[in-house]
Amino acid sequence: VMMLMSCTSTMISPVTLRRRYHVFSFPSLVYILLLLIRWEEERSTDGSKWRFLEHKGPVFAPPYEPLPDKVKFYYDGKLMKLSAPAEEVATFFGKMLDHEYTTKDIFRKNFFKDWRKEMTSEEKSKITDLNKCNFSDMNEYFKTQSEARKQMSKQEKQKIKEENERLLQEYGFCIMDNHKERIGNFRIEPPGLFRGRGDHPKMGMLKRRIRPEDIIINCSKDSKHPKPPQGTKWKEVRHDNKVTWLASWTENIQGSIKYIMLNPSSRIKGEKDWQKYETARRLKKCVDRIRNQYREDWKSKEMRIRQRAVALYFIDKLALRAGNEKEEGETADTVGCCSLRVEHIKLYPKMDDQEYVVEFDFLGKDSIRYYNKIPVEKRVFKNLQLFLENKQPEDDLFDRLNVRMTSMMDKLVTYFHISVTKNYLSHLVVSFLGDAADDSIPAKILSYNRANRAVAILCNHQRAPPKTFEKSMQNLQTKIDEKQNQLSTAKKQLKAAKADHKASHDEKSKKTLEVKRKAVQRIEEQLMKLQVQATDREENKQIALGTSKLNYLDPRISVAWCKKWSVPIEKIYNKTQREKFAWAIDMAEKDYEF
DNA sequence: ACTGGGACTTGCTCAGAAATTG
DNA sequence: CAATTTCTGAGCAAGTCCCAGT
């Protein structure tokens, strides 16, 4: 713990992230002026996040449009006209008829309960059984509608696009400390049915419509405050520069607060991101000592120290999440390291040719299954046996341990989670990204993706193989075969051309020879590209790369790697990603070391 | 010291855009 | 050019962590 504290105390001094603003779309003189002054400034030390903040407030969901009369609803086979509020909620369900959710008992039960609350007393007395409700006409209607939307003419589509663009220009940006910044989510979430993931006890509940009266606005005192829609009022307007959000409201399912915040490309998010990697980098310096320490702690007299040491070992080795406690019955039953229960692990003193194997099987974040078998050190194994003694399956594995047992524990776990995993992961990448000297660009990118994949696998970022995977794989294979045929044809032609040239030695045959040679080369390149693509896709079948690329890999490593091997940055980051990582692209030189 | 909840990051899903193919 | 496949971003749920109040 002391080691960690000494690590903490060398915190980076109040962030000074240099940021250059290359792009301005704001057509005002002010911004042209700002463009000329390259802006580099100190952040304050008192925890304030900004000095000036001005925005136009959120965009609300469009009001409910009642269904046309031709769309019918039947209860128990009989036609029924619903009141507008009841009808609106009914349409939420009607839209989802094809979704698996609507077959789930909990979903149906929760929906029905909340739906009844919106009914008139007359409706309430009639509609008592969801199974007797017929939403199929509604469902049909919405399908037709979306079909119609797809069939719209180019001009109509263009018009919608322009309208969206206008909304984005008006509400999608704010001014924070002299800069125009993109807002992440300026639209208020529309009403609908809550779609919790996994076995969520609240799935199907009505997510109510948010009104201006629910919204707290946050902006500078001296800014032009956003105007609430005509005839309405904000819940509150405050001026809190210790936080980064522009607006917030309380959601009715869990009672938690939702926010309107800036886009990842914004200064405020970029700085935070940069800080995260800097913390991880600093941890690199003391990680060895920490590892030695927790190994020592496996022998501690105190049970809670031993539990902590084993938990840390898991987090370190397997990149498990910390596992905060959560309220029972409020969310799906998922766990992380510290909240593992006896039922989630199995111990095998011997398994095949390995000793001391621990088998993990539990639902983690988003109810994604974590399944893993790993051999551990004898001492860890013995400790685990000890922790399991006299316990029921539903008891906590680490019963003496609480993520927040002490503030020290907080720090420790925090460090491990954000640092060790991430730090370690970045290391992994470095080693994977090591040598790419004479590979072609596609081959280099393959090796980049492999490094990315290694991280994703460690973090258990799985995905279901895409529905069309097999087919698209086959298509690719066909293409490869075709290319191969093409290649052999081209090679034959080349050979013929060579012979021809040898025989005649004239200019014309020389030219043909050159052309053929080029053709072979080109086809070979194309073939190679396809083969690399096939390998990449095959390896990527069950793994989602996005999250680790966006949140765990220090972008400066990627950028440096690109510079070092002359891989264009566009090959690994798309436009949005380049915006998010602008700070890293600006900062990292080819010799950057994590 | 403890705890509730506020703030912010992470991560999945799906619709629509873009690219590719026939 | 339409049909199909792939990619991208928006949307929002679900985590983590920290701070303020007791």
Side-chain angles (χ1 to χ4, degrees), chain A residues 47 49 61 99 101 146 149-152 157 160-161 164 168 172 182-190 192 194-198 200 202-203 207 216 218 240 242-245 248 250-251 253-264 268-269 272-273 275-276 320-327 330-332 334-339 363-368 402-411 413-418 421-422 456 459-464 466-469 471-473 475-476 478-479 533 537 544-552 573-577 579-580:
Chain A
K49 309 281 172 65
H99 205 291
Y101 273 124
S146 82
R149 226 171 304 128
K150 274 186 210 148
Q151 297 304 321
M152 273 186 314
K157 280 185 180 163
I160 293 174
K161 216 172 164 184
N164 278 332
L168 174 70
R182 182 92 128 77
I183 298 171
N185 56 326
F186 58 90
R187 288 169 205 272
I188 300 281
E189 295 175 19
F194 176 72
R195 293 148 98 114
R197 299 202 257 266
H200 198 116
K202 299 196 171 182
M203 64 168 73
K207 219 170 79 164
I216 302 173
N218 193 31
D240 181 357
K242 299 279 193 286
V243 297
T244 66
W245 50 268
S248 73
T250 302
E251 151 270 353
I253 305 289
Q254 323 268 4
S256 63
I257 307 170
K258 299 248 179 169
Y259 303 93
I260 286 184
M261 289 183 189
L262 297 191
N263 187 276
I268 214 150
K269 296 285 185 193
K272 216 41 197 316
D273 209 31
Q275 257 187 356
K276 176 180 86 183
L320 301 185
R321 287 189 189 76
N324 284 317
E325 70 275 357
K326 35 189 216 168
E327 234 173 304
E330 292 292 299
T331 58
T334 61
V335 296
C337 184
C338 296
S339 46
L363 296 181
K365 183 175 179 184
D366 293 305
S367 296
I368 303 271
N402 177 325
V403 199
R404 45 203 280 179
M405 195 164 58
T406 68
S407 59
M408 290 299 165
M409 183 66 207
D410 261 7
K411 286 273 186 300
V413 171
T414 305
Y415 263 108
F416 266 96
H417 197 71
I418 74 149
T421 46
K422 285 162 197 168
C459 293
N460 197 37
H461 294 143
Q462 302 173 356
R463 64 165 185 178
K467 286 184 198 76
T468 54
F469 184 83
K471 206 173 138 215
S472 77
M473 215 53 202
N475 288 345
L476 199 56
T478 322
K479 269 204 228 162
Q533 201 184 351
R537 202 180 290 182
L545 294 187
T547 299
S548 49
K549 196 173 187 177
L550 244 40
N551 301 304
Y552 294 96
Y573 289 142
N574 68 27
K575 186 165 145 280
T576 327
Q577 292 164 339
E579 277 165 18
K580 170 172 165 139

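Letters A, B, ... are given to chains in the order of the sequence lines, protein chains preceding strands, and every chain is numbered from 1.
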Return the polar atom pairs (N/O with N/O) between nucleotides 14-16 of chain B and the protein under 3.5 Å, or none.
from	atom 1	to	atom 2	distance (Å)
B:dC14	OP1	A:H99	NE2	3.3

TODO: Find which nucleotide of DNA chain B each of A:S248 and A:K365 is nearest to by heavy atoms, and output the residue with the more 5' nucleotide.
DONE: A:S248
TODO: Please check the phosphate of B:dC8 (OP1 and OP2 only) for any side-chain N or O of A:K49 closer than 4.0 Å.
DONE: yes
- [ ] Report yes or no: does A:K202 contribute a side-chain atom to a donor-acceptor pair with the main-chain N or O of A:I253 at less than 3.5 Å?
- [x] yes
- [ ] Verify the contact: side-chain N or O of A:K258 to OP1 or OP2 of B:dG6, cut-off strictly under 4.0 Å; return yes or no.
- [x] no
For nucleotides 9-11 of chain C, give me every protein contact, N/O to N/O, under 3.5 Å, one pair per line with atom names.
from	atom 1	to	atom 2	distance (Å)
C:dG9	OP1	A:T576	OG1	2.2
C:dG9	OP2	A:N574	ND2	3.3
C:dG9	OP2	A:T576	OG1	2.4
C:dG9	O5'	A:T576	OG1	3.3

Open item on the list: Taking the nucleotide of DNA chain B with the nearest heavy atom to each, does A:W245 or A:L550 sit closer to the 5' end?
Closed with: A:W245
Task: Test salt bridge (Lys or Arg N to Asp or Glu O under 4.0 Å) applied to A:K575 - qualifying residues, sequence neighbours left out - done: A:E579
Open item on the list: Just by distance, no angles: are the side chains of A:K326 and A:T334 close enough, under 3.5 Å, to form a donor-acceptor pair?
Closed with: yes
Open item on the list: I want to confirm an ordering. Mapping A:F194 and A:G336 to their closest nucleotides on DNA chain C, which one lands closer to the 5' end?
Closed with: A:F194
Task: Check: A:K269 side chain, B:dT9 base, donor-acceptor under 3.5 Å - done: no
Task: Under 4.0 angstrom between A:K326 side-chain N/O and C:dG15 OP1 or OP2 - done: yes
